[in-house]
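Since we're looking at a predicted model, the values are computed, not measured. Just so you know, these numbers use all the heavy atoms, side chains as well, and skip hydrogens, waters and symmetry mates.
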Amino acid sequence: MMTINWILHQSKGLAYLAYMRHGRSLATIAPNVGRIKNAVADSTFPTPQQPPMKPVAKESIHAFDAEIMQAFSLLHIKGVEKPPVSLPSLLRQYDDNAGRAIRAKLLNESAPSLSRRPPLANGSFRSNGLTLVAHVVSDGQEDEIALASGFFIQPKGMRPMLVSCAHTLEQIRHSPLLDSAQSKSCTIIFSSDTDYFTAGEITASLPSSDIAIFSIPEEPITPYTLPVSMYPVPIDTSIMMPTFPHGKTTLLESTRLEWTKGKVWGYRDFSGRAAEPGSYDSLNHLLFMPPPVPGMSGAPLIEETSGAVIGIVTGSRMLSRVEGVRGWATPSETIFEVFDLL
């Protein structure tokens, strides 16, 4: 009989949930930065009061797990002559390209045309410009998967790039499977219900802002790119955010997507102090409501009126017993830091 153990890990006062199955660890990330440990969380950290999570049916886990591992196997078979970029290589690029400037321009689309606005219709998770990002490592006996979300952007004169969160890479960096000489690994990007490919390289990263930017292969694929705004929106601005159908709480239970309405709750600087848009405050973190569901780290927050991306989901955090849990995101203006100014 399959046993599923939910383990609470904590790092830097934040938390994430993972389950262990047959020696396999798959993280469904809700909050920011986490590093995987096969142990109970250090009790010296205060435990954030997260909403209770429902048990995941083993049938759902098996089907979803199998889909990813089948893609992983097929990509390594196809890539015999040119194997996929391994996770150790991606991690070196993540470190080496931290803060690196990309010699291209990213258009500020704070008021995109109707043709550029994403179709915010309920449907497949891997539609509407969203992607599923799976960091996978396997030694043939055990597998480990770290899941996140992401979206494509279109730098001027370059191939589209993928924006996602960085903490899932930080998490799988410490997998013991990466130390095995028999292990194979890669990052798989599921861009639609049927299309998937491996990440080319990490072109740039902003670890302190929890952002990684991936290149995609030169194959004839045309991903749906989203417009990005470099301007912070006012507090109480209405936003649209991805979630799952009622009663479903993680990517393991549903790959169907629904868009739900939320609002910008506030901003924080790097020290965690309240910040205000339109001032000289440093807007390092965007707070929003309702909090994201597990698996949505790396997904875009979209301003309801304009249709532009205004934030990248990084998780959730307990602010206080009175204020409760709030969604945590990186303002989209941060993406422009690695591109040439227009």
Side-chain angles (χ1 to χ4, degrees), residues 32-33 93-94 96-113 116-118 129-131 133 148-167 169 199-216 223-235 237 239-241 264 266-270 275-288 297-315 327-342:
N32 202 352
V33 183
Q93 295 166 5
Y94 170 74
D96 293 344
N97 293 334
R100 177 200 171 203
I102 299 175
R103 309 311 300 176
K105 296 178 180 180
L106 182 65
L107 180 64
N108 171 34
E109 296 183 89
S110 56
S113 63
R116 288 284 290 146
R117 296 182 186 182
L130 293 176
T131 65
V133 181
S149 301
F151 60 97
F152 293 107
I153 59 174
Q154 181 61 74
K156 189 175 181 179
M158 295 187 70
R159 292 276 298 162
M161 294 181 174
L162 176 79
V163 177
S164 187
C165 61
H167 63 256
L169 278 168
E201 65 177 16
I202 295 181
T203 309
S205 66
L206 295 169
S208 61
S209 298
D210 199 4
I211 290 178
I213 299 178
F214 297 80
S215 67
I216 63 175
Y224 188 98
T225 61
L226 297 183
V228 184
S229 172
M230 71 162 51
Y231 301 130
V233 296
I235 295 172
T237 294
I239 58 174
M240 299 299 290
M241 50 188 290
V264 174
Y267 292 90
R268 294 288 187 272
D269 63 15
F270 264 131
E276 292 287 337
S279 67
Y280 289 103
D281 294 340
S282 178
L283 306 179
N284 302 108
H285 306 287
L286 183 156
L287 281 65
F288 63 94
S297 289
L301 295 178
I302 296 177
E303 184 182 8
E304 183 181 27
T305 303
S306 69
V309 175
I310 54 92
I312 305 98
V313 176
T314 56
W328 209 255
T330 297
S332 59
E333 62 177 312
T334 307
I335 299 175
F336 289 86
E337 293 180 10
V338 301
F339 289 96
D340 288 342
L341 293 177
L342 291 175

Original post:
With a 4.5 Å limit on heavy-atom distance, are the side chains of Ile216 and Met161 in contact?
Top reply: no

Original post:
Taking C-beta and beyond as the side chain, do Leu226 and Gln154 meet within less than 4.5 Å on heavy atoms?
Top reply: no

Subject >> side-chain contact (heavy atoms from CB on, under 4.5 Å) between Leu107 and Lys156, intermediate numbers included >> reply: CA-CA 7 Å; Leu107 180 64; Lys156 189 175 181 179; over 6 Å; no

Subject >> Parallel, tilted or perpendicular: ring planes of Trp328 versus His285, cut at 30 and 60 degrees >> reply: tilted

**OP:** Could you pull out the closest heavy-atom pair between Ser149 and Ala299, with the gap in Å?
**Re:** CB-N, 3.7 Å

**OP:** Side-chain contact test, heavy atoms from C-beta onward, threshold under 4.5 Å: evaluate it for Tyr267 versus Leu287 and give yes or no.
**Re:** no

Original post:
What pairs with Arg116 under salt bridge (Lys or Arg N to Asp or Glu O under 4.0 Å), at least two apart in sequence or on another chain?
Top reply: Glu109

Original post:
Heavy-atom distance under 4.5 Å between the side chains of Pro155 and Ile102, does that happen here?
Top reply: no

Subject >> Asn284 (side chain) donor-acceptor with Phe270 (main chain) under 3.5 angstrom >> reply: yes

**OP:** For residues Ile211 and Ile312, report the shortest heavy-atom separation together with the two atoms involved.
**Re:** CD1-CD1, 4.1 Å

Subject >> Rounded distance (nearest 0.5 Å) linking atom CG of Leu106 with atom CZ of Phe336 >> reply: 4.5 Å

Original post:
Do Leu162 and Ile213 have side chains that get closer than 4.5 Å, going by heavy atoms?
Top reply: no

Original post:
Can you check whether Pro207's main-chain N or O pairs, donor with acceptor, with Ser205's side chain at less than 3.5 Å?
Top reply: no

Original post:
Of all heavy-atom pairs between Ser209 and Thr334, which one has the smallest distance, and what is that distance?
Top reply: OG-CG2, 3.5 Å

Original post:
Can you check side-chain contact (heavy atoms from CB on, under 4.5 Å) on Asn108 and Val228, steps first, answer last?
Top reply: CA-CA 6 Å; Asn108 171 34; Val228 184; over 6 Å; no

Subject >> Residue pair Ser306 / Ser229, side-chain heavy-atom distance below 4.5 Å >> reply: no

Original post:
With sequence neighbours left out, what residues match Thr237 under side-chain contact (heavy atoms from CB on, under 4.5 Å)?
Top reply: Val233, Pro234, Val264, Glu303

Subject >> Glu201: side-chain contact (heavy atoms from CB on, under 4.5 Å) partners, not counting sequence neighbours >> reply: Gln93, Thr203, Ser215

Original post:
Can you check whether Val163 reaches Phe214 side chain to side chain, under 4.5 Å on heavy atoms?
Top reply: no

Original post:
Between atom OG of Ser332 and atom OH of Tyr231, what is the distance when rounded to the nearest 0.5 Å?
Top reply: 11.5 Å

Subject >> Derivation of the side-chain contact (heavy atoms from CB on, under 4.5 Å) call for Ile310 and Phe288 >> reply: CA-CA 11 Å; Ile310 54 92; Phe288 63 94; over 6 Å; no

Original post:
Just wondering, do Leu301 and Met241 contact through their side chains at under 4.5 Å, heavy atoms?
Top reply: yes

Original post:
What pair of heavy atoms forms the shortest contact from Pro227 to Pro118, and how long is it?
Top reply: CD-CD, 4.3 Å

Original post:
Atom OG1 of Thr305 and atom CZ of Arg117: how far apart are they, to the nearest 0.5 Å?
Top reply: 8.5 Å

Original post:
Is a side-chain donor or acceptor of Asp210 paired with a backbone partner of Thr330 at a separation under 3.5 angstrom?
Top reply: no

